[in-house]
Amino acid sequence: MMLERSEFAGAELRLSPNIDERVGGPADMLVLHYTGMDVADEALDWLCTERSKVSAHYFVYEDGRIVQMVPEHKRAWHAGVSSWQGQQQDLNSRSIGIEIANPGHQGDYPDFPPEQIAAVIELCRKCVERWAIVPRRVVAHSDIAPQRKEDPGEKFPWQSLFESGIGHWVEPSTATGGRFLQRGDQGQPVEALQAMLATYGYGVEITGSFDEVLEANIRAFQRHFRPARVDGVADVSTIETLHRLLSALPESQ
Ligand SMILES: [Zn+2]
């Protein structure tokens, strides 16, 4: 079935060839990206070019214009090798992907303009309602692929989305001092940290070693939930924010 108009009122339609069928059920997850290219139109072209082998359901320009590239019931190709809440394969089959135009960390990583964020919020609201996506499953690409990806990054206003009813968020802890954990540390406190991250959804194994995988996951957690400092060190405020987040999780999720 070809779409004749976008499923999101007011959006333009420009279909990407990079689609196929979902496997295993409908979408129950929303993954947010930045394009990581200097020019938005070039990023959109790329997502609609067969040889790129990438796509997403929606694209949001800096000025808030929205383009739909893939019908929501089809599978877009945006997640790559990734993991969330124990699912380690084919997150594309279970997700809606939204690409947000921004040059990203490889460029000058400008702030996301308010018009763009307003459009992202409206679009996410529709997707979350239509597919009944629970808050914990509205994630950054970096949350599900922390060793490969850093988008949409620490400038992305997760708090604004949360205040509009989208995603999960808590006020970050500002605690300082005290004991922290970092690369090279071993033992029970590291295990406890890994268990908390895994319980939330991050793809970490409980090994008791603070290795590069854990460091990448801490960095991803910080980008999303404690963006004041993204350094991969599990300091007191990072750990306390993670505690708060787990405590705030509705049992039904
Ligand atoms: Zn991405």
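Numbers here are sequence positions counted from 1. Keep in mind that the numbers below use all heavy atoms, side chains included, and drop hydrogens, waters and symmetry copies. Order of listing sets the numbers, starting from 1, for every ligand and every atom in it.
The count of protein N, O or S atoms under 2.8 Å from the Zn ion (ligand 1) stands at 3, with waters excluded from the count.
A distance of 5.0 Å separates CZ of Arg148 from NE2 of His141, quoted to the nearest 0.5 Å. The CD1 atom of Ile133 sits 10.5 Å away from the CD1 atom of Ile166 when rounded to the nearest 0.5 Å.
For the pair Arg223 and Phe156, the cation-pi test (distance below 6.0 Å, angle within 45°) is failed.
Using a 4.5 Å heavy-atom threshold, the side chains of Tyr58 and Ser6 count as touching.
When each of Tyr200, Trp169, Phe162 is paired with Phe225, the ring-ring contact (aromatic ring centres under 6.0 Å, His included) condition holds for Tyr200 and for no other.
Two rings, from His224 and Tyr202, have their centers 6.0 Å or more apart.
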